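Chain identifiers are assigned alphabetically (A, B, ...) following the order of the sequence lines, protein sequences preceding nucleic acid strands; residue numbering begins at 1 within each chain. Model, not experiment: these values are computed from the prediction.
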Protein chains: 2
Amino acid sequence: MSVIRKGKETASEGKRKPQRVPSAAALNRRMRNSEKKRATILDAALSTFSKYGLHGASIDQIALQADVSKTNLFYYFSSKEELYVSVLRELLDLWLKPLRAFTVEQDPIEAIRDYVRVKLEFSRDHPAESRLFCMEVMQGAPLMLTELQQPLHDLVENKIEVIQTWIDQGKLAPVEPYHLVFSLWATTQHYADFRVQVEAVAGKTLEDPGFFQETLSSLETIILNGVRPR
Amino acid sequence: MSVIRKGKETASEGKRKPQRVPSAAALNRRMRNSEKKRATILDAALSTFSKYGLHGASIDQIALQADVSKTNLFYYFSSKEELYVSVLRELLDLWLKPLRAFTVEQDPIEAIRDYVRVKLEFSRDHPAESRLFCMEVMQGAPLMLTELQQPLHDLVENKIEVIQTWIDQGKLAPVEPYHLVFSLWATTQHYADFRVQVEAVAGKTLEDPGFFQETLSSLETIILNGVRPR
DNA sequence: ATAATTTCAGACCATTTGGTCTGAAATAGA
DNA sequence: TCTATTTCAGACCAAATGGTCTGAAATTAT
């Protein structure tokens, strides 16, 4: 059985040659090793792709960084593109998660404040993810658009309604909800995606705790005051 | 004389073999043709690099789009990297220009409103430039950092002072000027750099005049209210 | 032990691609 | 017209790189 086959085998698969049935324990051990190696490769790929882009990154480079041979890498991922897409898929999950937290029951000001903080933490703790996502979207998301479009659209549409409700209740200044969401994304991701520019200008990055706090409270000031009802 | 030599020749260059001195008119015509071709190539390069990145774009592709042969392209630009850097250099000028307009004499609210509009127009009218700039900065600006760092730092430092003055005069809410600048950049560029995402979510782009207006007034609402003194 | 299967390494291949070489057309000065 | 110079095209090259092939080591079940 090759690791490359994606779906888990169904438990009982009818017509099987009556052969070795590996013990559950061994299978688990194997799985764990296998998964660990996959994870290592995915990690190296994320880091390399985010630095040099899909085309700028070479398989040799990634294999070297993951400390596996090129052949071995191709044993786990059948092509460069599959590897790249795998990285993107993991990333999309992570990226979308924070937004799901928005619910009508929350106090909007608190909800937005939390969202800004979480996204800013994401920029600090996952800059490679942020940048790779940015790169992919910027180039038209040729390999992610189909998977991005629908879930993103649905999710945002949902949250738009939440925001609109808040506005209707007078809890938020009347702004077009779309643009509020865009502003939140843009301002928070900026610190990861334009890190070198931020560093060139301010001399600091989010890894500096003081700068992180300063950034957080500045964004809160600007955006929260921007949307607070008056 | 090869076009490739960069600096304009000094008018009188002492020890010259007493050879043909081309007429000014002819030189001009040549220059014009030459410059036009360079510009065509730079255009194609910008468009292609911004779509596929430095490594993803091929010289053949660019040459094809510029409707010149590869050899001809290499006659004007000695290497792919030089072409790329040339594109970046032009871009940097364009990118920095709007910020220079900030002066203490202005009314801050008006100044910021104008800046948002101009940057948003830039996103609408020069999306390729915006994206290429973003890509380069995101990857650490390996080929632009030296040229970016100093002028950007100086310019921003200057504008920071202007903003701080406004704050001290009570004309602006007390926000860390750096972050105001970052927020302005981030929110306006977002509509170019994340165009496909914006389109996936909102179904429209800045090219739609209605959407442009809506975006502009939303950003004005959020940011201007965010920084208006209270 | 041993047979089956999974995991992996090294040599190798085919294509892409940035860049060069040679020389020919086009242009311009005399 | 004749000569020098610029501009450009086509064939060609060398390196990089995504990917394969063969077979050997590890691992696992019996």
Output every pair passing salt bridge (Lys or Arg N to Asp or Glu O under 4.0 Å) with a member in residues 127-140 of chain A, not counting sequence neighbours, ordered by first then second residue. none
For A/Phe77 and C/dT7, give me the distance from atom CZ to atom P, rounded to whole Å. 13 Å
Suppose we screen for side chain to side chain contact (heavy atoms under 4.5 Å, CB included). Which residues come up paired with A/Val162, at least two apart in sequence or across chains? A/Val104, A/Asn158, A/Trp166
When rounded to whole Å, the CZ to P distance for the pair A/Phe74 and D/dC21 reads 13 Å
Would you say A/Asn72 reaches C/dT7's phosphate, i.e. side-chain N/O to OP1/OP2 under 4.0 Å? no
A/Lys37 NZ to D/dA26 P, straight-line distance once rounded to whole Å: 12 Å
Using the ring pair (Phe, Tyr, Trp, His ring centres under 6.0 Å) criterion, which residues pair with B/Tyr115? Sequence neighbours excluded. B/Phe102
Qualifying residues under ring pair (Phe, Tyr, Trp, His ring centres under 6.0 Å), relative to A/Tyr191, sequence neighbours excluded: B/His179, B/Phe182
Taking atom P of D/dT20 as reference, at what distance in whole Å does atom OH of A/Tyr75 sit? 15 Å
How many whole angstroms separate atom CG of A/Leu73 from atom P of C/dG10? 15 Å
Identify, residue by residue, the members of residues 41-71 of chain A with a heavy atom below 4.0 Å from DNA chain C, and return them in order of residue number, or none. A/Ser69, A/Thr71
Sort and list the pairs that fulfil salt bridge (Lys or Arg N to Asp or Glu O under 4.0 Å) and have at least one residue in residues 42-56 of chain B, not counting sequence neighbours. none
Show the numbers, then the answer: is there a side chain to side chain contact (heavy atoms under 4.5 Å, CB included) between A/Ser34 and A/Tyr76? CA-CA 9 Å; A/Ser34 179; A/Tyr76 288 94; 3.6 Å; yes
Side chain of B/Lys80 only, heavy atoms from C-beta on: which candidate in D/dG19, D/dT7, C/dG18 is closest? C/dG18
